[in-house]
Amino acid sequence: FKNEVKDLTTSNADILAAAEVTGTGIVLTIRCTNVDGTNDATVDIEVVKASSGGNAYIAKGINVPAGSSIELSGTSKIVLEAGDKIQGLASAASDIEVFLSWLHIT
């Protein structure tokens with residue numbers, strides 16, 4: 001079991017890098033917390049496939065109210081293949097913190 005933590009900016013950045021997923025990865029949770037106590041922010045989270053076949057948004061323009069959290073994986077699991085990665089960005093730099101918990105199977 002592993003976890004990743006990332007402060008999002010307004011540019012796409014790896015939350016879970018492709019180099020980390022060397023076998024199969026199962027994402028257990030993706031929690032986005034708005035640490036700004038005043039302003040709402042939006043978040044985009046995307047699975048980027050290593051092989052061709054297209055990427056998939058887990059969240060696109062989802063509003064995270066000031067001082068609150070949203071769960072993006074919750075009751076469903078996200079399966080990653082070797083070399084896949086998860087990227088994200090926010091509408092305001094340093095407003096959204098992401099916690100991602102995953103199982104790495106080699």
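Reckoned from all heavy atoms, side chains included, excluding hydrogens, waters and symmetry mates. Note that this is a predicted model, so its numbers are computed, not measured.
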Treating Ile, Leu, Val, Met, Phe, Trp and Tyr as nodes and any side-chain heavy-atom pair under 4.5 angstrom as an edge, say whether [X] and [Y] lie in one connected cluster.
X	Y	answer
Val43	Val47	yes
Ile58	Leu80	yes
Ile70	Val27	yes
Phe1	Ile26	yes
Ile45	Ile62	yes

Indicate the atoms forming the closest heavy-atom contact of [X] with [Y], along with that distance.
X	Y	answer
Leu28	Ser73	O-OG, 3.7 Å
Ile15	Gln87	CD1-C, 3.9 Å
Gly83	Ala18	O-CB, 3.1 Å
Val64	Cys32	CG1-O, 4.0 Å
Leu100	Leu16	CD2-CD2, 4.2 Å
Ala50	Ala82	CB-O, 3.6 Å

Test your reading of the model: is there a side-chain donor-acceptor pair from Asp40 to the backbone of Ala66, 3.5 Å cut-off? yes
With a 3.5 Å distance limit and no angle check, can you tell me whether Glu81 reaches the backbone of Gly23 through a side-chain donor-acceptor pair? no
For the atom pair [atom1] ([X]) and [atom2] ([Y]), what is the distance rounded to the nearest 0.5 Å?
X	Y	atom1	atom2	answer
Ile96	Asp7	CD1	CG	10.0 Å
Asn63	Thr42	CG	OG1	7.0 Å
Asp95	Leu8	CG	CG	10.0 Å
Phe99	Asn3	CZ	CG	4.0 Å
Ser101	Glu4	OG	CD	9.5 Å
Glu71	Ile30	CD	CD1	8.0 Å

Heavy-atom side-chain contact between [X] and [Y] under 4.5 Å:
X	Y	answer
Leu103	Lys77	no
Thr22	His104	yes
Asn55	Val48	yes

Any salt bridge linking Lys85 with Glu20? Criterion: basic side-chain nitrogen under 4.0 Å from a carboxylate oxygen. no
